[in-house]
Amino acid sequence: MASDSYIALVERFPEHLSDAKSLGSDVKISGVDKIVFTGVGGSAIAGSLLQIYCSEKTQTVQFFVSRNYDVPSFVDKSTLVVAISYSGNTEETLSAVKAAMKRSARIVIVTSGGKLMQQAEQLKKPVVALPEGIQPRAALPYLFIPMLNVLHNSGFIPDPSSEVSSTITSLQAASTNYRERANSLAQKLVGKVPLIYASDRLAGVAYRWKTQFNENAKIHAFSHVFPELNHNELVGYTKLNANYYVIMLEDAADSRRIKERARLTKEIIGRKGVPSTQIVIKGEHFLTRLLSAVHIGDLTSVYLAKLTGVDPEPVTIIEDFKKQLGRVPFV
Ligand code: PA5
């Protein structure tokens, strides 16, 4: 079945991390004090994860993520704008690159081809060229790991290479365990609306889970973060309007207060009859914990697709939407 080959591709995440290690090492940028990752969808997730990882590693540069046609108003000649679009044909990202050019920002392009690659060649901008033929969301290792090389070469973050190698080894060693856990969670999620909660610092990881349920399992799913969710979403358990299943992601380095909030929230929603699973992300390095949390979510979403008879790979509705929008003049 077509879906089996896509599931196998998702299962090979650690192998793809390893393949991606050699990319991006020829790109070096200097003279910037802030970094904006711009892109949308499966490509922008790489920016969110880079922001999480890099913000934990250094305070000397600031990292931002932008998912829009424009770039933030602070973008100037001391800003590096990293434009990430797997296909290279996404109108929002192409437009954001133009906006960054107008502000004289430094630009790095991450793409497998398309108009963005042509633009980079014409404008002589540095490119991280990705392998072709993968769904953008499944290309995450290639969108993420090479940028660590670029950011390290440019002096923004410490050398990530030993963390990357150790992460690959850990993920490979844990692969059977992760597949079993993801399968068991997927079985509990059949017919449910997943709600994914994490601490604010891991918002991008919870959001990745949400979007993978959307695109792979083709269902609605929502993510929210502690402490904010205790001030609004918690009230929604008073009058349940769908068949929810809560997934709580907890990182060892989350603060004690956040862990206490998660514990209490789990108790309250349990009393309201809503089932939940807590996933405690383990690993010596932050990178290992970050990527293992992503990998378990990815696996859960494709196993859920299989259990519900859905092909996780195509996203026909997104492609049709883009075609229809493409027929409307871009002014
Ligand atoms: O996962 C997907 O297919 C989408 O979310 C795409 O990533 C999104 O539409 C943007 O396309 P691209 O990643 O090619 O810029």
Side-chain angles (χ1 to χ4, degrees), residues 2-3 5-7 9-10 13 16 20 23 36-51 65-71 81-100 107-120 125 127-147 204-223 294-295 297-302 304-305 310-328 330:
S3 64
S5 60
Y6 183 73
I7 292 172
L9 183 91
V10 171
F13 183 85
H16 298 156
L23 301 175
V36 174
F37 301 104
T38 186
V40 286
S43 292
I45 282 291
S48 294
L49 298 178
L50 285 161
Q51 182 198 29
V65 182
S66 176
R67 292 173 159 90
N68 216 329
Y69 287 93
D70 207 343
V71 287
V81 172
V82 181
I84 313 177
S85 169
Y86 181 77
S87 65
N89 287 322
T90 300
E91 66 173 40
E92 295 95 318
T93 318
L94 290 164
S95 160
V97 169
K98 278 191 194 151
I107 295 173
V108 168
I109 304 288
V110 181
T111 189
S112 71
K115 292 180 190 155
L116 201 54
M117 182 70 93
Q118 287 167 11
Q119 218 175 31
K125 298 294 175 197
V127 182
V128 175
L130 312 173
E132 293 173 64
I134 313 172
Q135 284 289 335
R137 61 195 185 280
L140 181 64
Y142 300 100
L143 298 163
F144 176 82
I145 295 287
M147 273 314 300
V205 180
Y207 189 67
R208 166 72 171 185
W209 276 66
K210 172 229 172 344
T211 57
Q212 290 291 76
F213 284 127
N214 295 152
E215 294 189 53
N216 291 333
K218 275 80 177 162
I219 58 166
H220 275 304
F222 303 91
S223 64
V294 166
H295 187 38
D298 290 1
L299 291 170
T300 306
S301 68
V302 292
L304 179 60
V310 162
D311 185 345
E313 183 166 17
V315 280
T316 318
I317 199 162
I318 297 179
E319 280 149 25
D320 289 349
F321 179 87
K322 286 182 181 176
K323 272 188 211 141
Q324 285 180 49
L325 189 68
R327 289 197 280 272
V328 181
F330 191 167

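A quick note: this is a predicted structure, and the numbers were derived from the prediction, not measured. Each ligand, and each atom within it, is numbered from 1 in the order the structure gives. Note that the numbering runs from 1 along the sequence shown for the chain.
To the nearest 0.5 Å, atom CG of residue L50 and atom CD1 of residue I45 are 11.0 Å apart.
Here the heavy atom of the protein found nearest to atom 8 (C) of ligand 1 is K322 NZ, 3.7 Å. Counting protein heavy atoms only, atom 13 (O) of ligand 1 is closest to S43 OG, 2.5 Å. Looking from atom 3 (O) of ligand 1 to the surrounding protein, the closest heavy atom is E215 OE1, 3.5 Å. If you check which protein heavy atom lies closest to atom 14 (O) of ligand 1, you get S87 OG, 2.6 Å. Nearest non-hydrogen protein atom to atom 5 (O) of ligand 1 is G42 N, 3.0 Å.
Remark: among candidates T93, V110, N216, T90, the nearest residue to atom 11 (O) of ligand 1 is T90, based on non-hydrogen atoms.
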L140 vs R208, side-chain contact (heavy atoms from CB on, under 4.5 Å): CA-CA, chis, key distance, verdict: CA-CA 11 Å; L140 181 64; R208 166 72 171 185; 3.8 Å; yes
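Every atom of ligand 1 with a heavy atom of G41 under 4.0 Å away is listed here by number and element: 5 (O), 7 (O). Each of the atoms 12 (P), 14 (O), 15 (O) of ligand 1 lies under 4.0 Å from some heavy atom of S85.
For Y207, the ring pair (Phe, Tyr, Trp, His ring centres under 6.0 Å) test picks out no residue, with sequence neighbours left out. By the side chain to side chain contact (heavy atoms under 4.5 Å, CB included) test, A221 is found to be paired with P194, I196, K210, F213, N214, residues two or more places apart in sequence or in another chain being considered.
S95 contributes a side-chain N or O that, together with a main-chain N or O of Y69, makes up a donor-acceptor pair within less than 3.5 Å.
Heavy atoms from other residues, nucleotides or ligands lying under 6.0 Å from CD1 of I317 number 12 at most.
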